[in-house]
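Note sheet for the following structure.
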Amino acid sequence: MTRDLTRTTVGIVGAGPAGLMLSHLLAREGIDSVVVDHRTRARIEGTSRAGILEADSVRLLTDTGVSDRVLRDGERHDGIELRFRGTGHRVDFRGLVGESVWLYPQTDVFTDLADARERDGGDVRFGITGTQVVDLTTESPGILFDGADGRHGEVRCDILIGADGAHGVCRTAVPETSRTHCFRAYPFAWFGILVEAPPSAAELVYTHSERGFALISRRTDTVQRMYFQCDPDENPANWSEDRIWSELQARVAGPDGFSLKEGPVTDRSVLRFRSLVCDPMRYGNMLLAGDAAHTVPPTGAKGLNLALADVRVLAEAVETAVRTGDRAALDTYGPRALRRVWRAQHFSYWMTSMLHRHPDATDFDTHRQIAELAALTDSAAGSTYLAEGYTGCGAFASL
């Protein structure tokens, strides 16, 4: 079979935020790359994805010249509300740690990065099929694929990056004997809806209730995103709008009179989640980044921020390896990235276990959770710990 061969310094599988940001950062240092993805750009932009950006992630987008649209169209949040026993308790990020987060959908982050790569003449190939990664332990690893035009393509590079998500081909290309998977499955999922309605609260509301967790998030002035805990095998088709609203209202109800502003439900889906860490993050001359290397439950709002933190560290390691010709520099990436990954895993697990009702929960478990939430919100030290974890500063900052 004849293939159209492209030679580049860095080959990147996956044109999500991690892959595109890495390509952008490398280009700023004069390092060429080729990015491939089996999805079309339209398909990625048409997939609704929520997004909470830490301040460091916002600075990475703005300070490196991707775009400042997040500052114009994003919504800065200076705190969140923890709601339990029917009463809200605000955690003031700005007052506690001097940082904020931005509500800015991951889809918009992707659009900004894709536009930046197009603006700067980046080589990004969407809509490919049959992706394979080969010769990973050689000096010239490769990506084989069929292009959107039907022609057979091949990219040969010095360094290959797997940024193709949790279900991509790169992580599974690493032999099981050469990787360790730390994994945890959760016995619950999120039932997510998009609704045409005004906001119900100024900031995100994380709710603990005897019926299970609920998250009241935001999207725009007229479209909102909300979630409630459900069984992982729940069928969204079984839920009418009346049933959805009845359940959500029951979970947030309380003596303070808080209620949700209702409207037509335009989308509904069930989001399963799990925790996974692949260690090491390097195999031969392939390195993993983002969801290809680790996933977290969404409760702590860490997934996208971890992916961007990964590639910031990875770009430094790749630049050193390219400039010096010493690929041993790539060994610094995994250990540095994993220190932050494990702190984020801990934070996400902690938030998840504190707020969700386990299927086998007893009265003891429920009262213990409430006591933990009360101790957290009644203590400046406890609230500061949550603020640091959520905003990604202090002990949770990139290392």
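Not measured: the values here are computed from a predicted model.
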Aromatic contact between Tyr390 and Phe93, with the criterion being ring centroids under 6.0 Å apart: yes or no?
yes
Student check: side-chain heavy atoms of Ile161 and Val311 closer than 4.5 Å
no
By ring-ring contact (aromatic ring centres under 6.0 Å, His included) - contacts of His89 (at least two apart):
Phe84
Between Glu75 (side chain) and Arg219 (backbone), is there a donor-acceptor pair under 3.5 Å?
no
Among all residues two or more places apart in sequence or in another chain, which pass the side chain to side chain donor-acceptor pair (under 3.5 Å) test with Arg119?
none
Counting C-beta onward and ignoring hydrogens, is there a side-chain heavy-atom pair between Asp158 and Asn285 closer than 4.5 Å?
no
Who are the side chain to side chain donor-acceptor pair (under 3.5 Å) partners of Asn305, not counting sequence neighbours?
Ser57
Show me the pairs that pass ring-ring contact (aromatic ring centres under 6.0 Å, His included) and involve residues 102-131, at least two apart or across chains.
none
Results of side chain to side chain donor-acceptor pair (under 3.5 Å) for Arg28 - residues two or more places apart only
none
Of all residues at least two apart in sequence or in a different chain, which pass the salt bridge (Lys or Arg N to Asp or Glu O under 4.0 Å) check with Arg151?
Asp4
Please determine whether side-chain contact (heavy atoms from CB on, under 4.5 Å) holds for the pair Phe145 and Val155, giving the CA-CA distance in whole Å, both sets of side-chain angles, and the decisive distance to 0.1 Å.
CA-CA 9 Å; Phe145 58 91; Val155 172; 3.8 Å; yes
Which atom pairs, one a donor and one an acceptor, fall under 3.5 Å between side chains of residues 184-199 and the rest of the protein, sequence neighbours left out?
residue: Tyr186; atom: OH; partner: Ser275; partner atom: OG; Å: 2.7
residue: Trp190; atom: NE1; partner: His356; partner atom: NE2; Å: 2.9

Electrostatic pair Asp112:Arg117 at N-O distance under 4.0 angstrom:
no
Could you tell me whether Asp164 and Arg171 make a salt bridge, using a distance below 4.0 angstrom between a side-chain N and a carboxylate O?
no
With sequence neighbours left out, write down each residue that passes salt bridge (Lys or Arg N to Asp or Glu O under 4.0 Å) with Glu203, or none if nothing qualifies.
Arg90
Sorted by chain and number, sequence neighbours left out, side chain to side chain donor-acceptor pair (under 3.5 Å) with His38 holds for none
Path from Leu204 to Val252 over hydrophobic side-chain contacts below 4.5 Å
no
With side chain to side chain contact (heavy atoms under 4.5 Å, CB included) as the test, pick out the partner of Val109 among Leu304, Leu20, Val66, Val58.
Leu304
Under 3.5 Å side-chain donor-acceptor pair for Thr391 and Arg94:
no
Compute whether any side-chain donor of one residue and acceptor of the other, for Thr8 and Asp32, lie under 3.5 angstrom apart.
yes
Tell me, please, which residues at least two apart from Arg179 pass salt bridge (Lys or Arg N to Asp or Glu O under 4.0 Å).
none
Within one Ile-Leu-Val-Met-Phe-Trp-Tyr cluster: Val91 and Leu103, side-chain cutoff 4.5 Å:
yes
is_close_aromatic(Phe228, Trp239), centroid dist under 6.0 Å
yes
Please answer: with hydrophobic residues joined when any side-chain heavy atoms are less than 4.5 Å apart, are Val10 and Ile128 in the same cluster?
no
Please enumerate all residues that pass salt bridge (Lys or Arg N to Asp or Glu O under 4.0 Å) together with Glu234, with sequence neighbours excluded.
none
Mind checking ring-ring contact (aromatic ring centres under 6.0 Å, His included) for Tyr385 and listing every partner two or more places apart, or none if nothing turns up?
Trp350, Phe396
